[in-house]
Amino acid sequence: MNAEAAATAGAVTFVWLGMVLAISFIEAPLKFRAPGVTIPIGLGIGRLVFRALNLAEAALALVLIAAVAVGTPTVALVVLTAVAVCVLAAQLAVVRPRLNRRSDRVLAGEDLPRSTTHLYYIALEAAKVLALISLGTALLSA
């Protein structure tokens, strides 16, 4: 992979990784432990934060795809890029709509039992983090 494309892809990968770690694994769990934050308030904040995160992730994914595509990548780099992007796509197309429908109901005042849908999102976040770590590491040696 050429140096400029690898540097761009690496920077984008590590920025994306940092954003996911900061929001999904630090901000999101702590938000509900803050004094005075109710479930509806936490859900409202979470929806705004994750909407912004997901938009930023989509933009970063597009830049990453372009950088990898022009850099004559190895098969491993293509696969790792595809894994990260496909996990994001699954989150946005499958899991987030379910979470949004559920949070709409909670915000409308319904008292619902606990859901496991967020666990799927967390599992996909963990898979995405592993893919981004692997991709970033591979790009450092590209």
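Positions are given from 1, in the same order as the sequence printed here.
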Do [X] and [Y] share a hydrophobic cluster, counting only Ile, Leu, Val, Met, Phe, Trp and Tyr and linking them when any side-chain heavy atoms are less than 4.5 Å apart?
X      : Y      : answer
Leu17  : Phe25  : yes
Tyr121 : Leu130 : no
Leu140 : Ile133 : yes
Leu80  : Val70  : no
Val63  : Leu92  : yes

On a heavy-atom basis, which atom in [X] and which in [Y] lie closest, and how many Å separate them?
X      : Y      : value
Ala93  : Pro97  : O-CG, 3.5 Å
Val37  : Ile41  : CG1-CG2, 4.2 Å
Val129 : Val20  : CG2-CG1, 3.8 Å
Ala5   : Gly71  : CB-CA, 3.5 Å
Gly10  : Leu139 : N-CD1, 3.6 Å

Using 0.5 Å steps for rounding, measure from the CG atom of Leu53 to the CD atom of Glu125.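 These two atoms lie 7.0 Å from each other.
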Got [X] and [Y] here, is their nearest side-chain heavy-atom distance under 4.5 Å?
X      : Y      : answer
Val15  : Met19  : yes
Met1   : Val68  : yes
Trp16  : Leu135 : no
Leu60  : Leu64  : no
Tyr120 : Val94  : no
Arg102 : His118 : no
Leu88  : Gln91  : yes

Would you find a donor on one side and an acceptor on the other, under 3.5 Å apart, between the side chain of Ser24 and the backbone of Leu21? no
Hey, is the main chain of Leu119 close enough, under 3.5 Å, to the side chain of Thr116 for a donor-acceptor pair?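 Looks like no, no N/O pair under 3.5 Å.
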For Arg47, all residues meeting side chain to side chain donor-acceptor pair (under 3.5 Å), sequence neighbours excluded: Ser103, Asp104
Test side chain to side chain contact (heavy atoms under 4.5 Å, CB included) on Phe14 and Leu132 and set out the steps. CA-CA 7 Å; Phe14 286 116; Leu132 291 170; over 6 Å; no
List, by chain and number, the other hydrophobic cluster members for Ile39, where Ile, Leu, Val, Met, Phe, Trp and Tyr join if side-chain heavy atoms come within less than 4.5 Å, directly or indirectly. Phe32, Leu43, Val106, Leu107, Leu112
Members other than Leu30 in its cluster, when Ile, Leu, Val, Met, Phe, Trp, Tyr link by side-chain heavy atoms under 4.5 Å?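 Ile26, which link up through side-chain heavy atoms under 4.5 Å apart, make up the rest of the cluster.
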